[in-house]
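Numbered from 1 within each chain, the chains take letters A, B, ... in sequence-line order.
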There are 2 protein chains.
Amino acid sequence: MIARKREAPAHVALARRLGVSIVTGERPPGSALPGEIDLAESFGVARSVIREALRMLSGKGLVVSKPKSGTRIRERHEWNLLDPQLLGWMFEGAAPPLTFVRSLFQLRLIVEPAAAELAARQRTPRQLSRLGYALEEMTSYGLDSEPGRAADQQFHAIILKATSNELLVSLSASISAAVRWTTLFKWRAGEPRDSLPEHQRLFDAIARSDAAAARAATVGLIGQAALDTEQAIAKLGEAEVA
Amino acid sequence: MIARKREAPAHVALARRLGVSIVTGERPPGSALPGEIDLAESFGVARSVIREALRMLSGKGLVVSKPKSGTRIRERHEWNLLDPQLLGWMFEGAAPPLTFVRSLFQLRLIVEPAAAELAARQRTPRQLSRLGYALEEMTSYGLDSEPGRAADQQFHAIILKATSNELLVSLSASISAAVRWTTLFKWRAGEPRDSLPEHQRLFDAIARSDAAAARAATVGLIGQAALDTEQAIAKLGEAEVA
DNA sequence: AACAGAGTATTTGTCTCACAAATAAGCGAG
DNA sequence: CTCGCTTATTTGTGAGACAAATACTCTGTT
């Protein structure tokens with residue numbers, strides 16, 4: 001059972017519902033949302049709840065409100081796409097557009113190999129040891145188990161932290177929120193290839209502070225994930241059509 | 001004259017004030033904000049305004065509210081550092097910490113050269129022509145003028161768009177919000193070196209679809225900016241101490 | 001008929017008050 | 001001293017009213 005938060009406050013739940021309906025394209029950019037009074041009525045909550053939800057969305061650049069003209073959905077390029085919540089919302093409905101998934105993996109291929117290089121150069125012995133422990137856990141539990149996936153997240157989080165660049169950490173936190181969903185897709189479409197050997201290679205490279213090898217291993221890891229994910233989406237796409 | 005918005009709504013202004021006081025470290029992570037009633041009183045607004053401002057901040061991961069325990073400032077690594085507004089707030093007070101500026105330029109050195117490579121490969125003739133126009137304007141107005149700086153922004157925005165990767169666009173939009181402030185610092189500390197030759201090199205590389213040269217030119221551009229900015233901060237730091 | 005201006009209606013923005021729900025802290029029993 | 005209950009405080013939600021801004025309409029003028 002997923003450790004679902006018992007119950008989010010109404011304004012948070014509302015922001016999610018509205019946010020999902022926007023990022024999935026159900027409500028297109030340029031269009032106007034119903035007035036706050038109408039929204040409150042149709043969702044069965046007070047106007048204050050609606051307003052607080054809208055403020056969260058406007059903070060992410062999704063909407064803009066003006067007196068008399070109402071609340072309109074902003075153009076997609078004005079959205080704060082790197083917001084972790086927003087990225088998560090992208091994967092709430094069906095599979096996201098293929099172009100978006102490709103953009104995501106392209107960004108990963110730019111950022112994460114560079115991060116691995118930095119980590120290989122700057123990691124402390126303590127970080128290396130924690131990295132080894134995470135790798136052990138991944139190996140023993142396997143990527144198809146919950147603790148195994150948690151160890152995987154941990155593994156990559158430690159690498160990021162080792163870069164000692166808080167912007168990189170923040171960026172990858174956003175990305176991994178989305179990656180988590182692509183991983184889910186992969187498993188839903190069938191057992192993907194085993195990524196443990198590549199993880200092992202990455203660990204070894206970081207252990208001997210070999211930046212070039214760390215980069216290569218990361219590129220391999222992401223390239224493999226990109227392939228598997230594309231195939232999974234294609235497969236699930238067929239299933240949906242059928 | 002800067003096209004300053006006449007007057008932001010109270011909740012937006014409030015979010016900014018509180019946000020700045022948080023990201024500048026004035027209110028440290030872990031500490032609790034005053035209660036909503038107290039905040040409303042001290043700022044002379046209604047509680048609803050306070051709440052809407054807090055919802056914006058919580059959407060950016062800055063704070064978390066719980067009944068009875070109040071609203072607490074979250075740990076820095078939980079912040080959504082890539083939020084453009086948040087990044088802007090970092091530069092509102094005095095100069096930001098040197099480590100942060102270094103992280104920023106390190107991230108630029110990872111992302112923007114890769115983007116330049118992609119742009120060199122994928123740019124359309126139309127984009128190349130617009131790029132040339134922006135370069136012309138930069139040359140004629142000079143980087144020390146407002147229209148010149150606007151053309152500079154435009155120049156880099158076109159390159160990003162040419163990557164046809166919306167996540168890269170979003171990321172660089174965030175970054176450039178911050179870069180704008182570093183540029184200001186540079187000019188305040190004295191006339192920086194002329195970056196037009198490097199811009200010209202970058203344009204030429206993109207024009208002949210030479211990805212490697214585009215990367216090299218971008219690395220040069222950012223490296224130069226990083227140096228100038230560090231010197232500027234050091235200089236201004238001296239001035240402040242004196 | 002085209003246009004400019006004032007007026008109006010609608011929508012968000014702000015304020016007030018009230019109560020519900022959750023929970024941290026204090027209190028008391030064992 | 002520990003555990004469980006009570007309670008007080010704080011956020012969460014609700015209802016209603018008025019203010020402010022502005023898109024729209026309607027009128028009067030050219």
Side-chain angles (χ1 to χ4, degrees), chain A residues 3-19 21-22 27-75 78 85, chain B residues 3-19 21-22 27-75 78 85:
Chain A
R4 198 115 195 90
K5 277 168 193 118
R6 279 208 310 282
E7 197 176 356
H11 55 262
V12 174
L14 230 308
R16 207 181 71 105
R17 287 191 58 169
L18 289 174
S21 75
I22 291 174
R27 297 176 190 268
S31 67
L33 267 67
E36 294 175 352
I37 313 265
D38 293 337
L39 280 174
E41 204 170 316
S42 63
F43 282 106
V45 296
R47 190 156 84 105
S48 62
V49 173
I50 297 290
R51 285 186 61 78
E52 290 179 22
L54 289 178
R55 291 289 80 77
M56 292 206 230
L57 299 183
S58 74
K60 299 180 188 307
L62 283 183
V63 302
V64 58
S65 301
K66 277 193 330 191
K68 175 70 183 180
S69 59
T71 302
R72 305 192 78 83
I73 300 176
R74 302 181 77 170
E75 293 303 317
E78 298 178 295
Q85 291 182 356
Chain B
R4 196 116 196 89
K5 275 166 193 118
R6 280 210 309 282
E7 197 174 356
H11 55 262
V12 174
L14 229 314
R16 208 181 71 103
R17 286 191 58 169
L18 289 174
S21 76
I22 292 173
R27 297 177 191 268
S31 67
L33 269 66
E36 294 175 352
I37 313 263
D38 293 337
L39 281 174
E41 203 171 319
S42 63
F43 283 105
V45 296
R47 189 157 85 107
S48 62
V49 172
I50 297 291
R51 285 185 61 78
E52 290 179 21
L54 289 179
R55 293 287 81 77
M56 292 205 239
L57 298 184
S58 74
K60 299 181 188 306
L62 282 184
V63 302
V64 57
S65 299
K66 277 193 329 193
K68 175 70 182 180
S69 60
T71 303
R72 305 190 76 83
I73 300 176
R74 303 180 76 170
E75 293 303 316
E78 298 178 294
Q85 290 182 358

* To do: Return the value, rounded to whole Å, for the distance between atom CD1 of Ile37(A) and atom C1' of dT10(C).
  => 11 Å

* **Glu7(B) CD to dA19(D) C1', straight-line distance once rounded to whole Å** => 13 Å

* Got a second to check how far Leu57(B)'s CG is from Ser65(B)'s OG, nearest 0.5 Å? -> 9.0 Å

* Any Val63(B) side-chain heavy atom under 4.5 Å of Arg72(B) side chain -> no

* To do: Answer with base, sugar-phosphate or nothing: what part of the nucleic acid does Arg55(B) contact at a heavy-atom distance below 4.0 Å?
  => sugar-phosphate

* Structure fact -> Out of dT22(D), dT12(C), dT11(D), minimum distance to the side chain of Arg51(B) belongs to dT11(D)

* Structure fact -> Picking from dT11(D), dA24(C), dT13(D), the nucleotide nearest the side-chain atoms of Ser69(B) would be dA24(C)

* To do: Would you mind telling me which of dG12(D), dA23(D), dT14(C) lies closest to the side-chain atoms of Lys66(A)?
  => dA23(D)

* Measure from the side chain of Lys68(B), starting at C-beta and using heavy atoms only, and say which of dA8(D), dT14(C), dG13(C) lies closest. => dA8(D)

* Asked: Does any non-hydrogen side-chain atom of Arg74(A) lie less than 4.5 Å from one of Leu62(A)?
  -> no

* Structure fact -> Here the distance between atom C1' of dT14(C) and atom CD of Glu52(B), to the nearest Å, is 9 Å

* To do: Please tell me if the side chains of Arg51(A) and His11(B) come closer than 4.5 Å, counting only heavy atoms from C-beta onward.
  => yes

* **Minimum-distance nucleotide (side-chain atoms of Ser65(A) versus dT11(D), dT11(C), dT12(C))** => dT12(C)

* Asked: What nucleotide among dT12(C), dG14(D), dA24(C) has an atom nearest to a side-chain atom of Ala46(A)?
  -> dG14(D)

* Over how many whole Å does the gap from Leu39(B) atom CG to dG12(D) atom P extend? -> 13 Å

* **Distance, rounded to the nearest Å, where Leu54(A) contributes CG and dT11(C) contributes P** => 15 Å

* Asked: Which comes earlier along DNA chain D counting from the 5' end, the contact point of Val49(A) or that of Pro67(A), where each point is its nearest nucleotide?
  -> Val49(A)

* To do: Among dT12(C), dG12(D), dG14(D), find the nucleotide with the atom closest to the side chain of Thr71(A).
  => dT12(C)

* Check every atom of dT14(C), dA22(C), dC15(C) against the side chain of Val45(B) and return the nucleotide holding the closest atom. => dC15(C)

* Let me know the distance between CD1 of Ile50(B) and P of dG13(C), rounded to the nearest Å. => 16 Å

* Asked: Are Leu14(B) and Leu39(B) side-chain neighbours, meaning at least one heavy-atom pair lies under 4.5 Å?
  -> no

* **Base of dT13(D) paired with side chain of Arg47(B) (donor-acceptor, under 3.5 Å)** => yes

* Could you check how far CZ of Phe43(A) sits from C1' of dG14(D), rounded to whole Å? => 17 Å

* To do: Report the distance from atom CD of Glu36(B) to atom P of dT9(D), rounded to the nearest whole Å.
  => 16 Å

